[in-house]
Structure formats: structure tokens, C-alpha cells
Asks: 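Handing you a structure now.
Quick note: residue numbers are just sequence positions, from 1. Treat the numbers as computed from the prediction; the structure is a model and nothing was measured.
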Amino acid sequence: EQYPPPKPVGKTMGEYEKELLAIKLTEEEMVKVVEKGGTEMTMTEWTAMEMYRVAKLLGIEKTASFISVARRNLPDAIRQKVSSNHENWKAFTDAVREVDREYLAEAEEKATKEKKRQKEQDQMLARLNNMVRTPDSPTKGIRAQLGGFSIARETSPSPSSQGQTATDRG
């Protein structure tokens with residue numbers, strides 16, 4: 001007797017939830033143009049479409065489930081323009097897609113400048129830390145030499161241990 005053919009294995013609902021919540025967009029990617037399915041679009045538009053696609057697979061596209069959580073994975077510039085108070089995923093992702101490209105480009109430029117400034121500041125601090133080295137202590141050498149020594153206090157032999165050697169005592 002033969003077994004029935006195996007059923008195709010698809011993703012579980014938990015895996016789709018993880019996929020939805022793993023969709024992230026950085027400020028450097030917002031206006032980057034990508035080609036998906038023969039159509040050029042910004043990463044912001046693609047991210048919104050991908051969020052909606054996974055929401056549909058989960059069957060939550062007509063609800064507001066997970067919108068506030070997914071919104072946290074969007075750059076600050078988009079979160080300033082798009083609230084999490086949408087009644088469903090279509091309204092939310094449409095709002096994300098409709099954020100003005102010029103606004104996003106300016107936000108991306110500002111974020112890039114800020115990161116560059118922060119990197120330069122960190123490099124300057126590292127150089128200053130290297131320049132300001134703590135001088136060696138005058139006792140550093142002797143401390144290093146004496147570091148391996150220890151002074152142990154020898155106890156006087158007790159009457160019961162008379163006649164035993166040091167190794168016999170323990």
C-alpha cells in the first residue's frame with residue numbers, strides 16, 4: 001500500500017509574523033531606487049508593499065494588528081509623517097508610500113550628515129584619548145616584580161602536631 005503524496009510545506013503563521021516584524025527600513029535607504037518586478041520604485045514604496053503583502057498572508061490586512069509594532073521599524077522621518085492610528089494595513093501602507101520623496105531625500109541627507117559628524121567626533125575623541133596617556137607610576141616596576149610574591153604567616157606548631165613534618169600536617 002502506498003502513502004499519499006506529501007503536502008507542500010508552507011510558512012507557519014508565526015513565521016509570517018516574524019517576517020512582518022523583521023521588515024526594516026533605514027534612513028539611508030528611504031529614497032534609494034530599486035527595481036522590483038520590472039518597476040522602479042523607492043525602498044520606502046517597496047517596504048510598504050512588502051508589509052502589506054505579508055499582512056495579507058497573515059490575514060490581518062483588514063485590521064490594525066501589528067501596525068504600531070511595524071511602524072517602529074520605519075525611519076524617524078516616516079514615523080513623523082505616518083501615525084499608527086490607521087484602521088487597516090491598506091490605509092497604513094498607502095500613507096507610508098505617499099510620504100513626499102523630497103521630504104524623505106532631505107531627511108536622508110540630514111541623517112547622513114549627522115552620522116558623518118558623529119563619526120568625525122568619535123575619531124577626534126579616540127585621537128585625544130591616545131594623546132592623553134596616563135603616565136606610568138614610579139613604583140610600577142617594583143610592583144610588577146613583587147606581584148608574584150606572597151607573604152604567608154607561619155603558625156606555631158600545636159602540641160598535637162609535635163613530631164609531624166610540614167607535609168604531614170596538611
Side-chain angles (χ1 to χ4, degrees), residues 1-137 140 144 147:
E1 201 176 309
Q2 290 188 356
Y3 292 103
K7 295 179 183 176
V9 178
K11 289 185 178 181
T12 65
M13 295 304 273
E15 290 170 327
Y16 281 126
E17 284 177 18
K18 281 183 182 178
E19 186 178 338
L20 178 64
L21 300 178
I23 298 172
K24 294 186 185 328
L25 181 65
T26 65
E27 289 188 329
E28 294 82 15
E29 298 172 323
M30 293 185 301
V31 293
K32 179 181 173 189
V33 176
V34 293
E35 186 177 323
K36 300 288 182 179
T39 304
E40 285 190 352
M41 64 185 77
T42 64
M43 280 297 291
T44 299
E45 293 166 325
W46 180 83
T47 300
M49 289 173 54
E50 187 66 7
M51 285 177 162
Y52 186 70
R53 180 189 70 80
V54 177
K56 280 180 74 171
L57 290 170
L58 279 167
I60 60 170
E61 77 274 13
K62 294 180 181 174
T63 72
S65 297
F66 298 115
I67 286 177
S68 63
V69 178
R71 181 179 169 271
R72 286 186 219 131
N73 289 336
L74 297 173
D76 189 46
I78 294 175
R79 287 196 313 266
Q80 289 177 8
K81 296 287 184 179
V82 179
S83 75
S84 59
N85 296 329
H86 294 279
E87 61 185 60
N88 59 49
W89 277 89
K90 177 99 172 89
F92 172 69
T93 55
D94 282 350
V96 170
R97 290 176 68 196
E98 292 168 1
V99 176
D100 183 58
R101 279 189 189 188
E102 189 174 328
Y103 168 78
L104 293 178
E106 289 172 2
E108 177 185 1
E109 185 179 334
K110 182 178 178 183
T112 302
K113 284 180 181 177
E114 177 60 26
K115 281 189 178 181
K116 182 181 177 185
R117 188 193 65 73
Q118 184 65 45
K119 183 179 177 183
E120 289 171 354
Q121 187 177 23
D122 291 346
Q123 289 172 344
M124 173 87 66
L125 284 172
R127 283 194 302 271
L128 288 172
N129 282 335
N130 288 335
M131 290 170 60
V132 181
R133 216 178 113 219
T134 307
D136 289 339
S137 164
K140 180 181 178 184

Asks: Looking at E19 and K11, is any side-chain nitrogen of the basic one under 4.0 Å from a carboxylate oxygen of the acidic one?
Replies: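 Judged by the 4.0 Å cut-off on N to carboxylate O distance, K11 and E19 do form a salt bridge.
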Asks: Is a side-chain donor or acceptor of R101 paired with a backbone partner of V31 at a separation under 3.5 angstrom?
Replies: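 No, the answer is negative, given that no donor and acceptor are paired below the 3.5 Å cut-off.
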Asks: So, taking the atom named OG1 in T63 and the one named CH2 in W89, what distance separates them when rounded to the nearest 0.5 Å?
Replies: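 It comes to 8.5 Å.
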Asks: Say whether Q80 and Y103, considering side chains only, have a donor N or O and an acceptor N or O under 3.5 Å apart.
Replies: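 Yes.
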Asks: For K119 and K116, what are the C-alpha separation, side-chain angles and deciding distance, and is it a side chain to side chain contact (heavy atoms under 4.5 Å, CB included)?
Replies: CA-CA 5 Å; K119 183 179 177 183; K116 182 181 177 185; 5.7 Å; no
Asks: State whether R79 and D76 are salt-bridged, where the test is any N-O pair (Lys NZ or Arg NE/NH1/NH2 against Asp/Glu carboxylate O) under 4.0 Å.
Replies: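 The answer is yes: the pair qualifies as a salt bridge.
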Asks: To the nearest 0.5 Å, how far apart are CG in L57 and OH in Y16?
Replies: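 Going from CG on L57 over to OH on Y16, the span is 4.5 Å.
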Asks: Main chain of M30, side chain of T44: is a donor-acceptor contact present, judged purely on distance under 3.5 Å?
Replies: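 Judged by distance alone, yes, a pair lies under 3.5 Å.
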Asks: Taking the side chain from N73 and the backbone from L21, do they hold a donor-acceptor pair closer than 3.5 Å?
Replies: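 Checking the backbone N and O of L21 against the side chain of N73, a donor-acceptor pair under 3.5 Å is found.
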Asks: Heavy atoms, side chains only, cut-off 4.5 Å: are L20 and I60 in contact?
Replies: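 With C-beta onward as the side chain, the pair touches.
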Asks: Under 4.0 Å between a Lys/Arg side-chain N and an Asp/Glu carboxylate O for E29 and K32?
Replies: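 So E29 does not pair with K32 through a salt bridge.
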Asks: Taking E98 for its side chain and A95 for its backbone only, find out whether a donor-acceptor pair lies under 3.5 Å.
Replies: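 Answer holds: no.
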Asks: Nearest 0.5 Å please: distance from the NZ atom of K81 over to the CD1 atom of I78.
Replies: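 Nearest 0.5 Å value for the NZ-CD1 distance: 11.5 Å.
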Asks: To the nearest 0.5 Å, how far apart are CZ in R71 and OG in S83?
Replies: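 With rounding to 0.5 Å, CZ (R71) is 6.5 Å from OG (S83).
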Asks: Would you compute the distance between atom NZ of K62 and atom NZ of K56 and round it to the nearest 0.5 angstrom?
Replies: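 The NZ atom of K62 sits 9.0 Å away from the NZ atom of K56.
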Asks: Report the C-alpha distance between E108 and E27 in whole Å, list the side-chain angles of each, state the deciding distance to 0.1 Å, and finish with yes or no for side chain to side chain contact (heavy atoms under 4.5 Å, CB included).
Replies: CA-CA 5 Å; E108 177 185 1; E27 289 188 329; 5.5 Å; no
Asks: For the residue pair Q121 / R117, report whether a side-chain donor-acceptor contact shorter than 3.5 Å exists.
Replies: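 Checked: R117/Q121 side chains pair up, N/O donor to acceptor below 3.5 Å.
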Asks: Would you compute the distance between atom OG1 of T93 and atom NZ of K90 and round it to the nearest 0.5 angstrom?
Replies: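 Reported to 0.5 Å precision, the distance equals 6.0 Å.
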Asks: Between E114 and K110, does at least one N-O distance fall below 4.0 Å, as a salt bridge requires?
Replies: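 No, E114 and K110 are not salt-bridged.
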Asks: Could you go through the side chain to side chain contact (heavy atoms under 4.5 Å, CB included) check for K115 and E28 one step at a time?
Replies: CA-CA 10 Å; K115 281 189 178 181; E28 294 82 15; 2.6 Å; yes
Asks: Taking all atoms of both residues into account, what is the closest heavy-atom pair of K36 and W46, and its distance?
Replies: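 Nearest pair, atom of K36 first, then W46: CG-CD1, 3.2 Å.
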Asks: When you look at M124 and R127, which way does the side chain to side chain contact (heavy atoms under 4.5 Å, CB included) test go after all the steps?
Replies: CA-CA 5 Å; M124 173 87 66; R127 283 194 302 271; 3.9 Å; yes
Asks: Only one of L104, V34, T26 forms a side chain to side chain contact (heavy atoms under 4.5 Å, CB included) with M43, so which one is it?
Replies: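 With M43 as partner, side chain to side chain contact (heavy atoms under 4.5 Å, CB included) holds for just one option, V34.
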Asks: Determine whether more than 12 heavy atoms belonging to other residues, nucleotides or ligands lie under 6.0 Å from atom CD of E102.
Replies: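 Open.
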Asks: Around atom CD of E87, are there more than 12 heavy atoms of other residues, nucleotides or ligands at under 6.0 Å?
Replies: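 Atom CD in E87 is not packed in, count stays at 12 or less.
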Asks: Going by the side chain to side chain contact (heavy atoms under 4.5 Å, CB included) test, name the single residue among L25, L74, I67 that passes it with M51.
Replies: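 Filter result, single survivor: L74.
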